[in-house]
Amino acid sequence: MYDGLLGKVKRIKPSALNDSDILGFFEEAVTLVCDGNNDYATGEYLDNVLLYYALAQISLYCGDLAEYSNYFVLYNNAAIEFRRRTFRMPPLPGRKSLCWL
């Protein structure tokens with residue numbers, strides 16, 4: 001399911017962690033960003049969430065706190081964007097809303 005993303009993570013940040021560890025990070029990220037509702041766990045926006053979360057966790061494992069911080073900021077931004085696009089409902093027809101982008 002995550003083969004392409006797994007390969008991308010391993011190319012960007014090689015580490016001693018095995019594939020199952022990285023897949024575990026993906027599952028953690030899905031649980032965090034979807035609040036336990038995995039029905040929404042698809043799409044390109046989620047890929048960014050998973051990528052940055054896994055890279056942050058690998059950086060933490062490697063002891064690179066500066067890189068961990070940078071990746072976690074990227075993760076937070078990707079998670080906010082994913083939630084905004086996935087969980088917000090569009091305004092009712094005929095009504096304008098400044099909150100819906």
Side-chain angles (χ1 to χ4, degrees):
M1 180 172 170
Y2 298 121
D3 292 336
L5 198 55
L6 180 63
K8 191 173 185 177
V9 167
K10 291 168 76 173
R11 281 191 306 275
I12 293 171
K13 187 79 177 154
S15 71
L17 296 172
N18 61 35
D19 291 357
S20 63
D21 293 329
I22 297 170
L23 291 172
F25 293 146
F26 292 164
E27 292 303 320
E28 281 178 33
V30 167
T31 301
L32 290 172
V33 78
C34 295
D35 297 325
N37 188 351
N38 291 350
D39 293 343
Y40 295 101
T42 59
E44 67 178 277
Y45 298 104
L46 182 64
D47 285 354
N48 289 336
V49 171
L50 301 179
L51 175 68
Y52 295 135
Y53 186 83
L55 292 172
Q57 296 305 318
I58 292 168
S59 297
L60 184 62
Y61 173 79
C62 294
D64 190 343
L65 297 181
E67 195 170 81
Y68 166 78
S69 251
N70 291 337
Y71 281 127
F72 214 80
V73 167
L74 292 171
Y75 158 75
N76 281 331
N77 290 336
I80 289 167
E81 181 67 12
F82 173 76
R83 285 184 184 138
R84 185 180 72 81
R85 291 184 181 266
T86 303
F87 296 112
R88 283 210 181 155
M89 300 300 293
L92 296 173
R95 295 184 69 191
K96 292 184 180 181
S97 172
L98 296 177
C99 296
W100 182 255
L101 300 176

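We use all heavy atoms of the structure for the numbers below, so side chains are in, but hydrogens, waters and symmetry mates are not.
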Item to complete: Measure the spacing between CZ of Phe26 and CG of Leu5 and express it to the nearest 0.5 Å.
Response: 4.0 Å
Fill in: Min side-chain heavy-atom separation Asn77-Glu81 under 4.5 Å
no
Worksheet entry | Arg11 side, atom CZ; Leu6 side, atom CG - distance, nearest 0.5 Å | 9.5 Å
Item to complete: For residues Ala78 and Tyr52, report the shortest heavy-atom separation together with the two atoms involved.
Response: CB-CD1, 4.1 Å
Worksheet item: For the hydrophobic clusters of this structure (ILVMFWY residues joined by side-chain heavy atoms under 4.5 Å, transitively), does one cluster hold both Leu65 and Leu55?
Response: yes
Item to complete: Identify the two heavy atoms, one from Leu50 and one from Ala29, that lie closest to each other, and give their separation to 0.1 Å.
Response: CD2-CB, 3.6 Å
Response to the item:
In terms of heavy-atom contacts, Val33 and Arg83 come closest through O-NE, 3.1 Å
Discussion item. With heavy-atom distances below 4.5 Å as the criterion, would you say the side chains of Leu51 and Ile12 are in contact?
Written reply: yes
Worksheet item: Side chains of Tyr2 and Val9: does their closest heavy-atom pair fall under 4.5 Å?
Response: no
Worksheet item: Are any non-hydrogen side-chain atoms of Ile58 and Phe25 less than 4.5 angstrom apart?
Response: yes
Item to complete: Please examine the side chains of Leu74 and Asn70, heavy atoms only from C-beta on, and report whether any two atoms are closer than 4.5 Å.
Response: no
Item to complete: Answer yes or no: is there a side-chain heavy-atom contact under 4.5 Å between Tyr53 and Leu32?
Response: yes
Fill in: Spacing of NZ belonging to Lys10 relative to CG belonging to Leu17, to within rounding of 0.5 Å
10.5 Å
Discussion item. I want to check something: taking the side chain as every heavy atom from C-beta on, are Gln57 and Asp21 in contact at a cut-off of under 4.5 Å?
Written reply: no
